[in-house]
Amino acid sequence: SISEINPSMTLLDIASFCKTKSNIKIEVNSHVETAWIKCLNKSSNSKMKVFCFPFAGADSNCFKELSKHFGYEYEMYVVQLPARGDLIDEALEVSAEVAVKKIVEQIFQIGLDMPFVFWGHEVGSSIAYAVATELERKHGLFPKALLLGASAWSESQRVVQLSEQEFTEELERKSYKDTYGSTSLVRADLSLMEGLMSLERSIVFYPVYLLIGKNSDHSDLLRWLHLS
C-alpha cells in the first residue's frame, strides 16, 4: 500500500517498490486520456491511479520511462501543460486559476473510480498541491497521498524577471540547460508556479511525502511546512 512508502525513498526507489507488487504485464491504452492528461499505462487489474505532474518545461514523456517500473496495481497518468507535446499549438501562457480548473475537470473525465495519489516533481509539486486543494475544497475528494519533489526554484519570483540572457545563464548555473525544455516554456511554468503559490492554501490531513535529491537545496523543504 502507499503507506509502505518511506519518505526517504528516491523516485526510482518508489518505482522499484511498486514493481515488486506485480508480475503481471501492464497494458497500454492510449485512449484513456484527455487533452491535458496522458495515459502512460493501464491495466484491467488496477487498484490505484497515479497522476504525475512534471517539472518546468517538460511534456508527458518525462515520466514515460519511469512508468515502466510500476506494476499492474498502478494506473499512471501525466499532466501535460499547453505549448508542448501534442499541445504545441495551444497558447503558452495560462493563469493559475485556469490551469487548476482545467486539470480538475479533466481528472473527472478520466474518472476517480479508485484510490489515487498525486506525484509532483519540482514545479509539478506546486500544481499537484493546488489541484489536490481544489478537489478537496470544492468536491470533498482528496488523494491517498501527495508525493512532492522539493522545488529547485525557491527563487522563482526573481528568476522569472530576468532577461533572456540572464535566464539562460541561470539554467546553466543550475545545470538544467539540457534537462529542461525551451527557456520560454520554463519561464512560463515558473510564472505559473508563482501564481499557484498566491492561491488559497490549506492544511491537509492525508500523508505528504517530500522527495529530495542528494544535490538539492534542503531549504526548499521549508516551503512545504504550511501543509501540516
Side-chain angles (χ1 to χ4, degrees), residues 2 18 26-68 70-149 181 185 188-189 192-193 195-196 199-200 202 204 206-208:
I2 193 68
C18 295
I26 295 174
E27 301 169 358
V28 175
N29 186 339
S30 60
H31 299 292
V32 186
E33 58 184 34
T34 66
W36 280 29
I37 303 178
K38 310 305 175 183
C39 180
L40 296 181
N41 60 44
K42 179 177 172 61
S43 167
S44 58
N45 298 295
S46 300
K47 296 181 180 179
M48 179 173 287
K49 291 183 177 180
V50 180
F51 291 94
C52 305
F53 299 78
F55 53 83
D59 60 21
S60 60
N61 289 320
C62 70
F63 279 94
K64 189 174 183 179
E65 196 63 32
L66 197 62
S67 69
K68 298 175 182 178
F70 278 72
Y72 79 99
E73 291 183 347
Y74 300 88
E75 192 170 295
M76 293 192 68
Y77 298 88
V78 59
V79 172
Q80 179 171 267
L81 295 175
R84 68 206 77 192
D86 59 356
L87 301 177
I88 192 66
D89 294 328
E90 290 198 13
L92 176 61
E93 301 291 339
V94 58
S95 70
E97 293 84 355
V98 169
V100 170
K101 181 180 179 181
K102 272 185 164 293
I103 293 170
V104 168
E105 289 174 350
Q106 294 185 39
I107 283 176
F108 277 115
Q109 291 176 33
I110 296 293
L112 295 177
D113 52 334
M114 63 182 73
F116 62 97
V117 301
F118 286 168
W119 182 349
H121 187 52
E122 296 189 352
V123 170
S125 296
S126 296
I127 303 175
Y129 168 67
V131 171
T133 300
E134 182 80 353
L135 272 175
E136 183 174 14
R137 183 169 59 243
K138 291 193 175 180
H139 304 281
L141 299 172
F142 49 85
K144 296 289 287 185
L146 273 177
L147 287 77
L148 305 177
L185 286 179
D189 290 354
L192 173 61
M193 186 176 78
L196 292 168
L199 297 179
E200 180 180 347
S202 61
V204 300
Y206 41 84
V208 178

- Task: Any pair with a residue in residues 80-104 that passes ring pair (Phe, Tyr, Trp, His ring centres under 6.0 Å), sequence neighbours left out, goes on the list, sorted by first then second residue, please.
- Result: none
- So side-chain hydrogen bond (donor to acceptor under 3.5 Å, both in side chains) across residues 77-89, not counting sequence neighbours, yields Lys38-Asp86, Ser60-Gln80, Glu75-Tyr77, Gln80-Asp86, Arg84-Asp189
- Partners of Val79 by side chain to side chain contact (heavy atoms under 4.5 Å, CB included), sequence neighbours excluded? Ile37, Phe53, Ile103
- Begin with the C-alpha distance, continue with both residues' side-chain angles, and end with the deciding distance and a verdict on side chain to side chain contact (heavy atoms under 4.5 Å, CB included) for Phe63 and Leu40. CA-CA 8 Å; Phe63 279 94; Leu40 296 181; 3.7 Å; yes
Work out which heavy atom in [X] is nearest to a heavy atom in [Y]; give both atom names and the distance.
X	Y	answer
Pro82	Ala91	CB-O, 3.2 Å
Pro115	Lys144	CB-CG, 3.7 Å
Gly195	Ala96	C-CB, 3.5 Å
Gly149	Ser125	O-OG, 2.7 Å
Phe51	Leu112	CE1-CD2, 4.0 Å
Ser202	Thr133	OG-CG2, 3.5 Å

- Can you check whether His139 and Phe108 have ring centres sitting under 6.0 Å from each other? yes
Under 4.5 Å between any side-chain heavy atoms of [X] and [Y], yes or no?
X	Y	answer
Phe116	Ile110	no
Val204	Tyr129	yes
Leu192	Val123	no

- Check step by step if side chain to side chain contact (heavy atoms under 4.5 Å, CB included) holds for Leu196 and Val100. CA-CA 9 Å; Leu196 292 168; Val100 170; 3.6 Å; yes
Measuring from atom [atom1] of [X] to atom [atom2] of [Y], what distance do you get when rounded to the nearest 0.5 angstrom?
X	Y	atom1	atom2	result
Ile127	Leu81	CD1	CG	4.5 Å
Ile88	Asp59	CD1	CG	9.0 Å
Lys64	Cys52	NZ	SG	14.0 Å
Leu141	Glu134	CG	CD	11.5 Å
Trp36	Gln106	CH2	CD	7.0 Å

- List the steps and the verdict of side chain to side chain contact (heavy atoms under 4.5 Å, CB included) for Tyr206 and Val117. CA-CA 10 Å; Tyr206 41 84; Val117 301; over 6 Å; no
- Message: Using only atom types and a distance under 3.5 Å, with no angle test, would you say the side chain of Glu73 pairs donor to acceptor with the backbone of Lys47?
- Response: no
